[in-house]
Amino acid sequence: MHTPTQTPTHSPTLLAAELRLPTNWLDYTILGIYFVVVLGIGFAARRSVKTTLDFFLSGRSLPAWVTGLAFISANLAATEILGMAANSAQYGAYTVHWYWIGAIPAMVFLGLVMMPFYYGSKVRSVPEFLLLRFDKWAHLLSSILFAFAAILIAGVNLYALAIVVEALLGWPQWVAIVVAGFFVLAYITLGGLSSAIYNEVLQFFVILAALIPITVLSLKKVGGWDGLTDTLTKSHGDDFVTAWGGTGIGDANPLGANWLTIVLGLGFVLSFGYWTTNFAEVQRALSAKNLSAAQRTPLIAAYPKIFIVFLVMIPGLAAAALVPGFGTEKSGYQYNDAIPYLIEGLLPNGVLGIAVTGLLAAFMAGMAANVSSFNTVFTTDIWAKYVVTDREDGYYVRFGRLITAIGVLASIGTAFLASSFSNIMSYLQTLFSFFNVPMFVVFIIGMFWKRASMKSGFWGLLAGTTAAMINYFVFYKQDIIAIPSDQGANFVSAIAGFVAGGVVMVAVSLFTAPKPTEELQGLVYGTRSPGMAEPPAPGDEAWYRKPALLGWGAVVLAAACYIPFSF
């Protein structure tokens, strides 16, 4: 990183040694019960796995409330808990942008606009949609990029789990990695996506049970909200506790970004790129029982997403208020230490066990989401399409289980790539700008412009990914362009990738042939497929089952939440 208050991004990400927890038999009993239940769900789900559709998409049979909670739980992982608490300790109340402008509008767009195309086309994965809309080269490139990104992101969760468990419980990192990897491997291999989803529903409530006591007790420790804001204003300035303060173009602020890069880079490019094309999330919606349930999946998830920001932001702010210079070398803590620091100092035995179980649940949910999406894409989009084709269904189920094991092992290898970042959220946002944003521009142009040619998908994706990487590794890392922080660089990389991908797609489309109109039915806005015209299921006429009402309600509520943080 490039600001004076930040630790170098090339230093190892190790939690402070003094964070060791005084755990006892009660805490370990709670942890043991959780692991038994996790495996039990895997064994129970195994009975329903007979086909590849069962293994990779739960047979498209799950109700909206299950897929909605799984959708948010898959996101509520290491990136959310350690990463967003670290963001808050480092950048302050600007963290709300990642939720109210950087998530809710994109989740609503996914539910109302994109899910009819995904679900109606009956694709089994996000890259498979590109095969239908463009050609095999766009499909193959997107499949490879997504599989690679999924393993990198799964590795982040696994590494974060290892360093937290080592600091809090004293387990060696390799023990934590092997134990967590084994349990994730066991329940996904046994029950496929159904096992992952039902475990994610359980994990959602376990994670909340861990975060709520931390948030309440940390707020009490700093003297309530007024005490927290007064302390941070004195130590970090007024802008640290507001959402938009100091974000004028040319102004300096902790985030190192102005309102334009926040709105375009985070609010549009990064957020829409992540929420609408990240198969680890979309896979949960594709497993819903019908189109209405699929549309409601991200919309149901949007409501808890609006308020979860308080459960990760307040602990990060409290850590910054309680320890002068938190995150700098003189404090003895890194930004990622915020949640573990509060757990160690505030929670009694029993609650400690719940908190540690909640952290493990979060890491495992994030890892499981990425591993389950990886095995689907690798099996259905790479192996079955281009390597071993036209085999019986049972062969691909067996191969899916094998590639799950390989994915977990690969995640262990990539886990240590995250060690060069003291704020793992910066690392994740970097990956999203490289992989999700270019895919989003290909999707959005392909869905809304019939003239986009078959060849444009591949070249747009390649150009967008290349431009984002060049901006980050060349212009930013080599100090050719002065950008104040990693997060600011990620916003600029995302914009560069989006613009480059879009320009190249348009240019290539003007010189190459478009796809025949009859092959675009259900794939481009304004056209329909039989799957998109299904009648509503009995009871879907109720207001709370209408996607449009749910979606606009979430947007209005998120916008209203900005008001107290805008002054």
Side-chain angles (χ1 to χ4, degrees), residues 1-9 82-102 215 218-267 309-339 341-342 421-426 429 476 482-492 561-567:
M1 302 207 180
H2 297 278
T3 56
T5 60
Q6 297 166 342
T7 55
T9 58
L82 282 191
M84 285 303 180
N87 248 20
S88 302
Q90 184 173 353
Y91 302 125
Y94 293 117
T95 299
V96 298
H97 296 310
W98 272 266
Y99 291 77
W100 301 335
I101 194 174
T215 303
S218 64
L219 196 58
K220 181 180 178 181
K221 180 78 171 178
V222 296
W225 182 254
D226 289 339
L228 178 64
T229 54
D230 288 346
T231 301
L232 291 175
T233 299
K234 292 176 183 176
S235 61
H236 291 75
D238 292 334
D239 294 340
F240 201 77
V241 292
T242 65
W244 295 103
T247 60
I249 296 176
D251 293 346
N253 61 69
L255 187 58
N258 57 54
W259 67 267
L260 184 62
T261 55
I262 291 172
V263 172
L264 292 182
L266 174 62
V309 61
F310 297 110
L311 300 182
V312 293
M313 181 180 71
I314 290 174
L317 294 177
L322 291 170
V323 179
F326 192 91
T328 62
E329 290 185 14
K330 67 179 181 180
S331 72
Y333 297 100
Q334 290 195 348
Y335 297 112
N336 289 333
D337 292 344
I339 290 288
Y341 164 75
L342 295 170
F421 285 75
S422 74
N423 182 338
I424 58 174
M425 179 51 65
S426 295
Q429 295 290 318
Y476 170 57
I483 304 176
S485 69
D486 275 3
Q487 290 290 17
N490 292 334
F491 298 163
V492 176
C561 287
Y562 263 121
I563 295 174
F565 290 91
S566 299
F567 304 99

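Only a predicted model underlies this, so the values are computations on that prediction, with no experimental measurement involved.
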| said: If we ignore hydrogens and angles and just use 3.5 Å, is the side chain of Asp230 paired with the main-chain N or O of Gly227 as donor and acceptor? | reply: no
| message | Test your reading of the model: is there a side-chain donor-acceptor pair from His97 to the backbone of Gly267, 3.5 Å cut-off? | response | no
Which heavy atom of [X] sits nearest to which heavy atom of [Y], and what is that distance?
X: Ala319; Y: Tyr341; result: CB-CD2, 4.3 Å
X: Thr95; Y: Ser88; result: OG1-OG, 3.0 Å
X: Leu228; Y: Ala321; result: CD1-CB, 3.8 Å
X: Phe240; Y: Ala89; result: CZ-O, 3.6 Å
X: Gly325; Y: Lys330; result: CA-CE, 4.3 Å

Inter-residue atom distance [X].[atom1] - [Y].[atom2], 0.5 Å rounding:
X: Ile314; Y: Leu219; atom1: CD1; atom2: CG; result: 5.0 Å
X: Tyr99; Y: Phe310; atom1: OH; atom2: CZ; result: 11.0 Å
X: Thr229; Y: Lys234; atom1: OG1; atom2: NZ; result: 10.0 Å
X: Leu317; Y: Leu322; atom1: CG; atom2: CG; result: 11.0 Å
X: Phe565; Y: Met313; atom1: CZ; atom2: CE; result: 4.0 Å
X: Ile339; Y: Leu82; atom1: CD1; atom2: CG; result: 7.0 Å

Would you say the side chain of [Y] lies within less than 4.5 Å of the side chain of [X], judging by non-hydrogen atoms?
X: Val309; Y: Trp100; answer: yes
X: Val312; Y: Asn87; answer: no
X: Thr231; Y: Val222; answer: no

| query | For the residue pair Phe326 and Tyr333, does the interplanar ring angle fall in the parallel (under 30°), tilted (30 to 60°) or perpendicular (over 60°) class? | reply | parallel
| Any luck finding a side-chain donor-acceptor pair between His236 and Tyr91 under 3.5 Å? | no
| query | Of Tyr94, Tyr562, Trp259, which is the lone residue that meets ring pair (Phe, Tyr, Trp, His ring centres under 6.0 Å) with Trp244? | reply | Tyr562
| Residues in side-chain hydrogen bond (donor to acceptor under 3.5 Å, both in side chains) with Ser218, at least two apart? | none
